Amino acid sequence: MIDCNVLIVGGGLAGLSAAVHLRRAGIEDVIVIERMSGKQYGHYHRTCGEAVSDRMLRISRTKSDCVVRRIDEAVISCEGVDIRVRVKGQIIDRERLLEDMRAQSGAQVVTGSVTSVRRDPDGYIVVTGSEEYHCRYLIGADGAFSVVRKCIFGHEPDVKLAAVNNLVKGDSNSGTIGFSVSPDYNGLYKWDFPSKDGLRSVGYTLGDDDVKDPVERGIRYIVTSNNRTVVKEDCCIVGDAAILANPLCYGGIGIALLSGRKAAEAIAKKNLGRYQKWVRKVVMLDHHYMDAYYTVMKWGREDYPDAVAPFRNGSSFLLLRGAYAMFRRPKWANVYMSIWMGFKFCW
């Protein structure tokens, strides 16, 4: 049995963010268990648009020089209408960010696949194929199919979306991230972001589109839910394990980094209830996003042109245009507001 103070299952953004902030808080004896390594680990984390807002990086207190491209505009294209939203963010080199965070954390990172987790009187026992670990505090950061969530919390996401991300040759110098909304994408969207080295990230939900001859292609699951139970005794879940991705913009990088920080700070205060309270109150995890997602999923083909009609004369003065849209189309008011709030707070 290997003993430690804090055990983190999952060495992605949320898990390593927690490890970094535990170290900053003076918490020692931290172990991170990560099931992937080498090329598999790198490929998995490149299966992502890699866009994150300046705001999320700032409030998650993430320090890294891994900027690939500055982003100053998002364009939502639907039924021949382009709605332009000013944003402040960046495309990051996710692999490089993870390398930096691993170095900053000072944690012991081991490779292993967790098969079971259970409570014991003094903490938790975590079993891998070859080892058993005992810890005082347990953080589940093991993604969409979290073993920690399954064993300790027992709930599943309301929504699981298999998303395909393709790296394709194209202009990587643009400061715009694009979203094509269409009934062809089952109420969702296709994204097109600049990447690095003359490449672009083009993605969509599995089965909704196809890209020929990509330089690299990967599939990952986006999970979301209105279940916000993230703490049970001395165990917590963060990032995708906590099902925190935004259901409209799919924003997962920022909330992974921020939830890792919040969980670590709560452990440092010996009060995980602080983290649970934050999750239930913070605006970026409000239930209205999920409500808006379900509304859009029920749209028929005739609803798309109706929803963008108030924006056909342009999207300048977007706040005024949005207020006008909510006045003219009150049945879609929550969708308009949730999309605007998503770009402002949730990516």
Side-chain angles (χ1 to χ4, degrees), residues 12-14 16-17 20 42 45-77 82-104 163 165-181 189-204 211 214-216 218 220 222 239 245-246 248-261 283-284 314-319 321-322 339-347:
L13 293 170
L16 290 180
S17 176
V20 167
H45 287 286
R46 287 193 300 272
T47 306
C48 173
E50 299 184 301
V52 61
S53 67
D54 290 348
R55 176 181 179 275
M56 279 294 202
L57 291 174
R58 182 179 70 253
I59 65 177
S60 66
R61 299 177 187 170
T62 300
K63 298 177 181 179
S64 177
D65 182 21
C66 61
V67 182
V68 172
R69 187 74 54 220
R70 293 292 313 167
I71 298 298
D72 53 28
E73 182 183 54
V75 179
I76 306 170
S77 301
D82 288 343
I83 302 172
R84 299 183 177 274
V85 184
R86 291 184 180 180
V87 296
K88 292 183 178 180
Q90 54 191 260
I91 302 296
I92 61 169
D93 185 330
R94 183 165 168 161
E95 285 184 273
R96 185 169 153 196
L97 174 58
L98 288 164
E99 289 175 6
D100 289 352
M101 293 171 69
R102 185 177 291 209
Q104 292 170 34
N165 192 77
N166 302 273
L167 287 174
V168 301
K169 293 180 181 179
D171 178 17
S172 61
N173 296 316
S174 170
T176 299
I177 52 177
F179 304 86
S180 299
V181 180
Y189 65 81
K190 178 179 180 178
W191 65 89
D192 188 342
F193 296 175
S195 186
K196 54 183 177 289
D197 302 327
L199 299 173
R200 298 188 66 82
S201 291
V202 179
Y204 40 81
V211 171
V215 175
E216 185 175 19
R220 66 187 301 130
I222 298 168
N246 187 275
L248 287 179
C249 70
Y250 301 164
I253 292 176
I255 195 64
L257 295 169
L258 184 56
S259 61
R261 175 204 152 194
V283 66
M284 67 190 70
S315 57
S316 56
F317 305 106
L318 188 59
L319 283 176
R321 183 65 61 177
I339 291 174
W340 182 78
M341 294 286 283
F343 277 115
K344 187 173 178 64
F345 295 112
C346 301
W347 68 287

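None of these values were measured; they are calculated from a predicted model.
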#### Entry: Step-by-step side-chain contact (heavy atoms from CB on, under 4.5 Å) determination, E95 to R46
CA-CA 7 Å; E95 285 184 273; R46 287 193 300 272; 2.8 Å; yes
### Task
Apply side-chain contact (heavy atoms from CB on, under 4.5 Å) to the pair T62 and V52, showing each step before the final yes or no.
CA-CA 11 Å; T62 300; V52 61; over 6 Å; no
### Message
One pair to check against salt bridge (charged side-chain N to carboxylate O under 4.0 Å, His left out): D100 and K63. What are the steps and the verdict?
### Response
CA-CA 8 Å; D100 289 352; K63 298 177 181 179; over 6 Å; no
### Message
Show, in sequence, the C-alpha distance, side-chain angles and deciding distance for I76 and Y189, and conclude whether the side-chain contact (heavy atoms from CB on, under 4.5 Å) test is met.
### Response
CA-CA 9 Å; I76 306 170; Y189 65 81; over 6 Å; no
### Task
Report the C-alpha separation of N246 and I255 in whole Å, then their side-chain angles, then the decisive distance to 0.1 Å, and conclude whether the side-chain contact (heavy atoms from CB on, under 4.5 Å) test is met.
CA-CA 9 Å; N246 187 275; I255 195 64; over 6 Å; no
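Side-chain rings of F179 and F343 approach one another, their centers coming within less than 6.0 Å.
Ring geometry for W191 versus F193: interplanar angle of 30 to 60°, hence tilted.
In this structure a side-chain-to-backbone donor-acceptor pair under 3.5 Å is present from S259 to G239. Of the possible polar contacts, one joining the R96 side chain to the D65 backbone as a donor-acceptor pair under 3.5 Å is found. At distances below 3.5 Å, at least one donor-acceptor pair connects side-chain atoms of E50 with backbone N or O atoms of R94. With hydrogens and angles ignored, the 3.5 Å screen pairs no side-chain donor or acceptor of R200 with any backbone N or O of G170. Looking only at distances, a side-chain donor or acceptor of R69 sits under 3.5 Å from a matching main-chain atom of S172. Between the side chain of R261 and the backbone N or O of I59, at least one donor-acceptor pair lies under 3.5 Å.
Counting only heavy atoms from C-beta outward, the side chains of R58 and R55 approach each other to under 4.5 Å.
Heavy-atom minimum distance, S174 versus I71: O-CD1, 4.4 Å. Residues L167 and S201 share a closest heavy-atom pair of CD2-OG, 3.4 Å. Among all heavy-atom pairs drawn from V20 and M101, the shortest one is CG2-O, 3.3 Å. Of all the heavy atoms in A256 and L13, the pair that sits closest is CB-CB, 4.2 Å. Taking every heavy atom of both residues into account, W347 and C249 meet most closely at CB-SG, 4.3 Å. Counting all heavy atoms, side chain and backbone alike, A74 lies closest to V87 at N-CG2, 3.9 Å.
Rounded to the nearest 0.5 angstrom, S17 OG and I253 CD1 are separated by 12.5 Å. Between the CG atom of L257 and the CG atom of L57 there is a distance of 6.5 Å, given to the nearest 0.5 Å. The distance from the OG1 atom of T176 to the CG atom of D82 is 10.5 Å, given to the nearest 0.5 Å. Here the straight-line distance linking atom CG of L16 with atom CD of Q104 works out to 10.0 Å at 0.5 Å rounding. For the atom pair OG of S195 and NZ of K169, the computed distance is 14.0 Å after rounding to the nearest 0.5 Å. Rounding to the nearest 0.5 Å gives a distance of 11.0 Å between SG of C346 and CH2 of W340.
Between P194 and the choices D171, I177, V68, the side chain to side chain contact (heavy atoms under 4.5 Å, CB included) rule is met once, by I177.
By the side-chain hydrogen bond (donor to acceptor under 3.5 Å, both in side chains) test, R70 is found to be paired with D54, residues two or more places apart in sequence or in another chain being considered. Residues meeting the side-chain hydrogen bond (donor to acceptor under 3.5 Å, both in side chains) test with N166, sequence neighbours left out: Y204, R217.
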